[in-house]
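Here's the structure, in structure tokens; my notes come after.
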Amino acid sequence: MLKRKVTGVDIQLLKGDISKQDDIEAIVNAANAQLRTGGGVAGAIHRTAGPGLEKECRPLAPIKPGEAVITSGYNLPNGYVIHCLGPVYGVDKPEDKLLRDCYVNSLNLAEENKVKSIAFPAISTGAFGYPIDKAVKIALETVLDKLSELKNLKTIRFVLYSQNDLNIYEKTLNEMIK
């Protein structure tokens, strides 16, 4: 795991399963508009959380690209799940602003709920086709830009599915933080 402390906040990068972050208070679900069980990140989170999660999500759906909502974690080791809908690359415009909104809105919900630690997946980079190199730059820039506003969050973790994604995150973070 790569760890960097910036403005009093631990930024962490690791390869792993977002539904198994037992030392994190809130995890972010790369959700679909209906907040239902799906494939990828959403599927893993819903399967682990159990049926209560989908039941709580129903009245909160649908959400639009860039929007985020918060629920309980149910059978997950986390108190909260923040669900955000990333943009479909080449379809939802402007995709860079919508992806940035996912991170900003998730961080804002975490702060409002006095969350001390949050874990993000690589939003929109799977089935939604966002190129990983572009998505990483937006994710890290957005988080770094928000650090000075954060009062409660002390740990921000990016949990990456593949070694390649982790390598790109590490390289980009090291370039941004000298």
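No hydrogens, no waters, no symmetry mates; every other heavy atom, side chains included, goes into these values.
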Does NZ belonging to Lys55 count more than 12 external heavy atoms closer than 6.0 Å?
-> no
Donor on one side chain, acceptor on other, Asp17 and Ser19, under 3.5 Å | yes
Look at Lys93 together with Glu95 and state whether they make a salt bridge at an N to O cut-off of under 4.0 Å.
-> yes
Considering non-hydrogen atoms only, spot the tightest contact between Ala119 and Ile18 and give its length.
-> O-CD1, 3.6 Å
Just by distance, with hydrogens left out, do Thr155 and Gln12 show a side-chain donor and acceptor under 3.5 Å apart?
-> no
Please report the closest heavy-atom contact between His83 and Ala31, naming both atoms and the distance.
-> CB-CB, 4.0 Å
Short N-O contact, Arg36 and Glu54, less than 4.0 angstrom = yes
Distance-minimising heavy-atom pair for Ala139 and Phe158 | CB-CE2, 4.1 Å
Taking C-beta and beyond as the side chain, do Arg157 and Ile118 meet within less than 4.5 Å on heavy atoms?
-> no
Between Leu173 and Leu13, what is the shortest heavy-atom contact and its length?
-> CD2-CD1, 3.8 Å
Can you establish whether the number of heavy atoms outside Lys134 located under 6.0 Å from its atom NZ is more than 12?
-> no
Can Asn167 and Gln163 be said to form a side-chain hydrogen bond (donor to acceptor under 3.5 Å, both in side chains), step by step?
-> CA-CA 6 Å; Asn167 294 344; Gln163 187 62 47; 2.9 Å; yes
Please report the C-alpha distance between Asp10 and Lys5 in whole Å, then the side-chain angles of each, then the deciding distance to 0.1 Å, and finally whether the salt bridge (Lys or Arg N to Asp or Glu O under 4.0 Å) criterion is met.
-> CA-CA 4 Å; Asp10 280 323; Lys5 197 169 209 64; 3.3 Å; yes
Within 6.0 Å of OH in Tyr74, more than 12 heavy atoms from elsewhere | yes
For residues Ala122 and Leu160, report the shortest heavy-atom separation together with the two atoms involved.
-> CB-CD1, 3.9 Å
Given the rule in the salt bridge (Lys or Arg N to Asp or Glu O under 4.0 Å) test, do Asp133 and Lys137 qualify, once you have shown the distances and angles that lead to the verdict?
-> CA-CA 7 Å; Asp133 53 329; Lys137 194 168 174 2; over 6 Å; no
How close do Leu153 and Ser117 get, heavy atom to heavy atom, and via which atoms?
-> CD2-N, 3.7 Å
Using the benzene-type ring in the case of Trp, are the ring centres of Phe120 and Tyr103 under 6.0 Å apart?
-> yes
